[in-house]
Number of protein chains: 2
Amino acid sequence: MEVTNAENQKVKVLEKIEEIVAGNPLADNCCPIKDIMGRFGDKWSVYTILMLGRKQRLRFNELKGLISGISQRMLTVTLRSLEEDGLVARTIYTEIPPRVEYELTELGQSLLLKLLDLADWAKQNSQQIMKARKRYASKGAPNTSSEV
Amino acid sequence: MEVTNAENQKVKVLEKIEEIVAGNPLADNCCPIKDIMGRFGDKWSVYTILMLGRKQRLRFNELKGLISGISQRMLTVTLRSLEEDGLVARTIYTEIPPRVEYELTELGQSLLLKLLDLADWAKQNSQQIMKARKRYASKGAPNTSSEV
DNA sequence: CTGAATCCCCTTCGATACTG
DNA sequence: CAGTATCGAAGGGGATTCAG
């Protein structure tokens with residue numbers, strides 16, 4: 001009876017995969033996962049979401065300070081993209097000097113949760129990945145014509 | 001006393017975030033999430049993992065056919081990267097003609113599960129995102145309020 | 001202070017041709 | 001069949017400048 005458990009798991013996974021690639025063998029322009037991943041899968045979006053998740057509400061330069069390493073341009077671009085997708089809300093205060101604040105929308109917060117899941121996976125498995133890389137570097141290289 | 005539930009949630013999220021960014025305000029070279037995301041967050045890795053998850057074991061050109069749109073070069077590069085990280089195993093059969101088969105490792109399969117989670121999110125929220133994009137395009141744009 | 005626009009490097013990717 | 005090598009095009013991303 002324990003077999004069925006594992007088997008069920010597998011079946012579910014396969015079903016999910018089929019769902020994703022359904023009617024989409026070319027996978028180039030209609031797969032939601034690609035579309036979505038393309039948005040927040042980049043270097044800066046993750047950090048931006050993470051930082052906004054941490055502080056709730058931040059001004060442009062505060063954000064810039066927290067993600068240091070990011071250029072002004074990339075932060076602008078990133079925020080625009082996130083805003084466009086409804087993940088981040090921008091509030092403009094027409095004062096002198098001007099003030100603009102950013103915060104996660106509900107949608108953005110739900111994505112944050114998923115990202116944290118992923119981060120968990122990354123954290124739990126980073127050791128193993130590092131080990132794999134070392135192993136690969138030492139003996140797994142492309143031209144190692146090993147057995148079989 | 002019911003407040004605590006939602007509050008707890010928030011606290012946990014915050015804790016997780018702190019964990020991730022711990023000792024890493026610059027976030028440029030040591031954050032596991034960036035490192036890992038950088039690996040499989042690209043366009044092709046996701047598909048490759050998905051396809052291998054679906055078919056278990058595939059030859060180079062089979063894979064190439066399934067991910068059509070990918071160039072030979074990118075498939076090679078992608079597979080190397082995944083192999084290096086221990087997510088994909090490569091088996092070489094020294095025959096004529098040569099045969100090479102790829103499959104997910106256990107690690108790769110555990111990542112597959114996470115990717116499916118993400119895909120779920122993407123799927124469930126893609127409508128909302130599309131709506132947000134339309135709204136943004138029509139009225140949220142940077143310069144909407146004024147004319148040149 | 002926010003952030004839009006320009007310039008430019010430099011990586012990345014695709015196409016092609018070539019080896020084992 | 002499964003790769004590697006090379007080259008040219010495209011675009012990401014940084015520094016700087018300008019506007020509101």
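Sequence lines set the chain letters: A, B, ... in the order given, protein chains first and strands last, and positions in each chain run from 1. Hydrogens, waters and symmetry mates are skipped; everything else that's a heavy atom, side chains included, is used.
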Using atom [atom1] of [X] as one end and atom [atom2] of [N] as the other, report the distance to the nearest whole Å.
X: A:R73; N: C:dC7; atom1: CZ; atom2: P; value: 13 Å
X: A:Y93; N: C:dT2; atom1: OH; atom2: P; value: 13 Å
X: B:I92; N: C:dG20; atom1: CD1; atom2: P; value: 16 Å
X: A:E95; N: C:dT2; atom1: CD; atom2: C1'; value: 12 Å
X: A:L75; N: C:dC1; atom1: CG; atom2: P; value: 15 Å
X: B:N61; N: D:dA2; atom1: CG; atom2: C1'; value: 7 Å
X: B:D42; N: C:dT12; atom1: CG; atom2: P; value: 11 Å
X: B:I96; N: D:dG3; atom1: CD1; atom2: P; value: 14 Å

Checklist entry - Taking atom types as they are modelled, is there a donor-acceptor pair under 3.5 Å from the base of D:dG3 to the side chain of B:Q72? => result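 When only heavy-atom distances are counted, B:Q72 does reach the base of D:dG3 through a donor-acceptor pair under 3.5 Å.
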Please tabulate, for side-chain N and O atoms in residues 96-113 of chain B, each donor-acceptor pair with protein atoms closer than 3.5 Å (sequence neighbours left out).
from	atom 1	to	atom 2	distance (Å)
B:R99	NE	B:E95	OE1	3.4
B:R99	NH1	B:E101	OE2	3.0
B:R99	NH2	B:E95	OE2	3.0
B:E101	OE1	B:R57	NE	2.4
B:E101	OE1	B:R57	NH2	3.3
B:E103	OE1	B:R57	NH1	3.1
B:E103	OE2	B:R57	NH1	2.7
B:T105	OG1	B:G86	O	2.6
B:T105	OG1	B:L87	O	3.2
B:T105	OG1	B:L107	N	3.4
B:T105	OG1	B:G108	N	3.0
B:S110	OG	A:W121	NE1	2.9
B:S110	OG	B:L107	O	2.8

Of the candidate nucleotides [options], which contains the atom at the shortest distance from the side chain of [X]?
X: B:M74; options: C:dC13, C:dT2, D:dA2; answer: C:dC13
X: B:T76; options: D:dG3, C:dA15, C:dC1; answer: D:dG3
X: A:R59; options: D:dG14, C:dG3, C:dT2; answer: C:dT2

Next on the checklist: For A:K16, is there an ion pair with B:D120 - N to carboxylate O distance below 4.0 angstrom?
Outcome noted: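 Here B:D120 pairs with A:K16 in a salt bridge, since their nearest N and O are under 4.0 Å apart.
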Checklist entry - Using 4.0 Å as the upper bound for N to carboxylate O, is an ion pair formed by A:R133 and B:D85? => result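 Looking at A:R133 together with B:D85, the answer is yes, because their closest N to O distance falls below 4.0 Å.
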Checklist entry - If you find the nucleotide of DNA chain D closest to A:P98 and the one closest to A:I70, which residue's nucleotide is nearer the 5' end? => result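 Going by which nucleotide is closer to the 5' end, it is A:I70.
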Checklist entry - Is the number of heavy atoms from other residues, nucleotides or ligands under 6.0 Å of B:Q9 CD greater than 12? => result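 Open: at most 12 neighbouring heavy atoms sit under 6.0 Å from CD of B:Q9.
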